[in-house]
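Working notes, structure below.
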Amino acid sequence: MNDIILQKENHLATITINRTKALNALNTQVLFQLEEVLQDLKKDDNVFVVIVTGAGEKAFVAGADITEMKEFSVFEGRNFSALGNRIFREIENLEKPVIAAINGFALGGGCEFALACDIRIASSKAKFGQPEVGLGITPGFGGTQRLARIVGIGAAKELLYTGKMIDAAEAYRIGLVNKVVEPDKLMETAKTLANGIAENAPIAVKLCKAAVNRGMQMDIDTAVMYEADIFSQCFSTQDQKEGMTAFIERRHKNFINK
Ligand code: CAA
């Protein structure tokens, strides 16, 4: 799996897209490798939080692989889009928070990859954009859908129609990223955030993710009922007993993900 590096350290897993010769562009092979890694993480109860990043100094992911797409038929284009969309939905639905540590270019499929994550931290050198229209195509890995949901319709349409690149400061201003840090602080910041999340009850964190993601698709009455359902589920966990007992006994909590 040399295009994807998976590292696990305590409750944290880091996925690095490692195809630096093509600025970590996503081709079919990389996407299948990413899917395999996600299957591993899905099953690993010891991993509470995931970070994704790109290898090298220059790029997070510079998009879907243009060399591969150039001669696509309509059928191949559809399959490639379906594959990317399936995998990014797996990230969005993974029952653990996923943090994108965006170290450089996040263009096209790279921006879409970051959009499928829960939280985005950018290096001050990162650049964002959906340049697809300049290649004669639309985004195909969810960009036309998630960008508008995250930054709003106006800002999304401007990025989609112009294909222009924006810097990290502008990405922060429009709400595309949660935070911008100096390049040498990127992984440290992402890991501090991840470890802070990992100190909390993993089932409660997982249910927060589901509540936000699913609730956003519902009307508010259904959504708050859904929240009541998941809130009540927490009372069947050992971690709820531990969290509340530790608070009352004024001692350190020891969550076990059960
Ligand atoms: N696909 C394939 N190869 C890519 C690539 C991509 N998306 N992006 C960069 N590369 C390759 C380049 O072809 C080049 O390879 P060679 O050395 O073999 O020529 C290598 O990576 C380095 O790139 P550059 O020489 O272009 O580096 P640069 O510093 O001059 O420019 C860049 C950097 C601005 C990111 C430029 O590479 C670029 O514009 N890349 C394409 C970005 C893009 O359009 N992404 C969207 C793709 S479409 C998409 O993603 C569709 C979808 O939603 C599914």
Side-chain angles (χ1 to χ4, degrees), residues 2-5 15-35 38 52-92 98 100-117 120 122-151 153 155-171 176-177 180 183 186:
N2 49 6
D3 291 336
I4 305 272
I5 301 166
I15 300 173
T16 306
I17 310 296
N18 181 38
R19 199 178 164 235
T20 48
K21 64 176 182 342
L23 301 186
N24 303 325
L26 302 172
N27 60 14
T28 301
Q29 182 177 307
V30 178
L31 287 169
F32 277 125
Q33 288 184 17
L34 181 58
E35 189 168 42
L38 291 170
V52 298
T53 193
E57 307 265 291
K58 213 167 154 180
F60 172 68
V61 168
D65 192 303
I66 299 168
T67 314
E68 183 179 357
M69 289 184 292
K70 186 173 168 289
E71 303 298 337
F72 271 178
S73 64
V74 171
F75 179 72
E76 287 165 329
R78 179 149 192 112
N79 279 349
F80 191 59
S81 177
L83 175 67
N85 274 318
R86 184 178 82 219
I87 293 165
F88 288 1
R89 277 298 277 161
E90 280 173 21
I91 292 172
E92 208 164 34
V98 183
I102 304 153
N103 52 309
F105 290 112
L107 302 173
C111 189
E112 293 167 298
F113 187 19
L115 289 167
C117 299
R120 286 160 288 283
S123 140
S124 56
K125 285 197 180 153
K127 297 257 191 301
F128 299 80
Q130 295 289 163
E132 286 88 345
V133 288
L135 296 164
I137 58 172
T138 63
F141 294 167
T144 57
Q145 305 310 310
R146 290 193 187 91
L147 191 60
R149 284 167 166 82
I150 290 171
V151 303
I153 293 174
K157 284 181 173 169
E158 187 177 339
L159 285 171
L160 292 165
Y161 299 170
T162 62
K164 73 174 180 188
M165 241 191 266
I166 57 169
D167 64 14
E170 177 67 358
L176 178 50
V177 298
V180 180
L186 179 66

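For ligands, and for the atoms within them, numbers begin at 1 and follow the listed sequence.
The presence of a protein heavy atom under 4.0 Å from atom 25 (O) of ligand 1 is ruled out. Put simply, atom 38 (C) of ligand 1 has no protein non-hydrogen atoms near it, under 4.0 Å away. Atom 42 (C) of ligand 1 is approached by the protein to below 4.0 angstrom, counting heavy atoms only. For atom 10 (N) of ligand 1, the protein comes within 4.0 Å by at least one heavy atom. When distances from atom 20 (C) of ligand 1 to the protein are checked, a heavy atom turns up under 4.0 Å. Atom 28 (P) of ligand 1 is flagged as protein-proximal [any protein heavy atom, distance under 4.0 Å].
Listed by atom number, the atoms of ligand 1 under 4.0 Å from L135 heavy atoms are 44 (O), 47 (C), 48 (S). The contact set between ligand 1 and G63, taken as ligand atoms under 4.0 Å from a residue heavy atom, comprises 45 (N), 50 (O). Those atoms of ligand 1 that come under 4.0 Å of a heavy atom in A25, given as number and element, are 1 (N), 2 (C), 6 (C), 7 (N). Within ligand 1, the atoms closer than 4.0 Å to a non-hydrogen atom of G108 are 46 (C), 50 (O), numbered from 1 in the order shown. Residue G109 approaches ligand 1 through these ligand atoms, each under 4.0 Å from one of its heavy atoms: 49 (C), 50 (O), 53 (O). In the vicinity of M69, heavy-atom distances shorter than 4.0 Å reach the ligand 1 atoms 48 (S). Within ligand 1, counting atoms from 1 as listed, the ones closer than 4.0 Å to a heavy atom of L107 are 35 (C), 42 (C). When each atom of ligand 1 is checked for a heavy atom of K58 under 4.0 Å away, the hits are 27 (O), 28 (P), 29 (O).
P183 and S123 make their closest contact through CG-OG, 3.7 Å (heavy atoms, listed as atom of the first residue, atom of the second, distance). Of all the heavy atoms in A101 and T53, the pair that sits closest is O-OG1, 2.8 Å. L147 and G143 get closest at one heavy-atom pair: CB-O, 3.1 Å.
Taking distance alone, with nitrogen or oxygen atoms compared against 3.5 Å, A62 approaches ligand 1 more closely than that limit. For ligand 1, the polar-atom distance check against P139 finds no nitrogen or oxygen pair separated by under 3.5 Å. Taking only nitrogen or oxygen atoms, main chain and side chain alike, E112 reaches within less than 3.5 Å of ligand 1. Polar contact with ligand 1: absent for T138 (N/O pair, distance under 3.5 Å). Ligand 1 has no N or O atom lying under 3.5 Å from any N or O atom of M165, backbone or side chain. For ligand 1, none of its N or O atoms has an N or O atom of F80 under 3.5 Å away.
A distance of 8.0 Å separates CD in E132 from CG in L160, rounded to the nearest 0.5 Å. We find the CG-CG distance between L34 and L83 to be 9.5 Å, quoted to the nearest 0.5 Å. Here M69 contributes atom CE and D65 contributes atom CG; the two are 7.0 Å apart, rounded to the nearest 0.5 Å. Separating the CG atom in L107 from the CZ atom in F60 is a distance of 11.0 Å, to the nearest 0.5 Å. Note that CZ of R120 and SG of C111 are 8.5 Å apart. Values are rounded to the nearest 0.5 Å. Atom CG of L26 sits about 9.0 Å away from atom CD1 of I87, to the nearest 0.5 Å.
Taking 4.0 Å as the cut-off, G84 does not count as a neighbour of ligand 1 on heavy-atom distance. A heavy-atom separation below 4.0 Å is not found between Q130 and ligand 1. Contact between K21 and ligand 1 is present, with at least one heavy atom of the residue lying under 4.0 Å from the ligand. P131 counts as a contact of ligand 1, since one of its heavy atoms falls under 4.0 Å from the ligand. Taking 4.0 Å as the cut-off, E68 does not count as a neighbour of ligand 1 on heavy-atom distance.
Among the candidates T162, L115, T138, the single residue satisfying the side-chain contact (heavy atoms from CB on, under 4.5 Å) test with Q130 is L115.
Selection from L23, I137, L83, D65 by nearest heavy atom to atom 23 (O) of ligand 1 gives L23. When T67, V133, I66 are checked for heavy-atom proximity to atom 1 (N) of ligand 1, I66 turns out nearest. Considering G136, A64, G163 only, the shortest heavy-atom separation from atom 54 (C) of ligand 1 involves A64.
Contact check for Q29 versus R19: no side-chain heavy atoms found under the 4.5 Å cut-off. Between F80 and T28, some side-chain heavy-atom pair lies under the 4.5 Å cut-off. Between N24 and F113 the shortest side-chain heavy-atom distance does not fall below 4.5 Å.
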Starting from the C-alpha separation in whole Å, work towards a yes-or-no answer on side chain to side chain contact (heavy atoms under 4.5 Å, CB included) for E170 and F128. CA-CA 9 Å; E170 177 67 358; F128 299 80; over 6 Å; no
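R89 is linked by a salt bridge (Lys or Arg N to Asp or Glu O under 4.0 Å) to E92, counting only residues two or more places apart in sequence or in another chain.
Using a 4.0 Å cut-off between charged side-chain N and carboxylate O, E57 and K125 make no salt bridge.
Counted within 6.0 Å of CZ on R78, heavy atoms from surrounding residues, nucleotides or ligands total 12 or fewer; the atom is thus considered open.
Of the heavy atoms in L26, none comes closer than 4.0 Å to ligand 1.
The nearest heavy-atom contact from the protein to atom 4 (C) of ligand 1 is A22 O, 3.7 Å.
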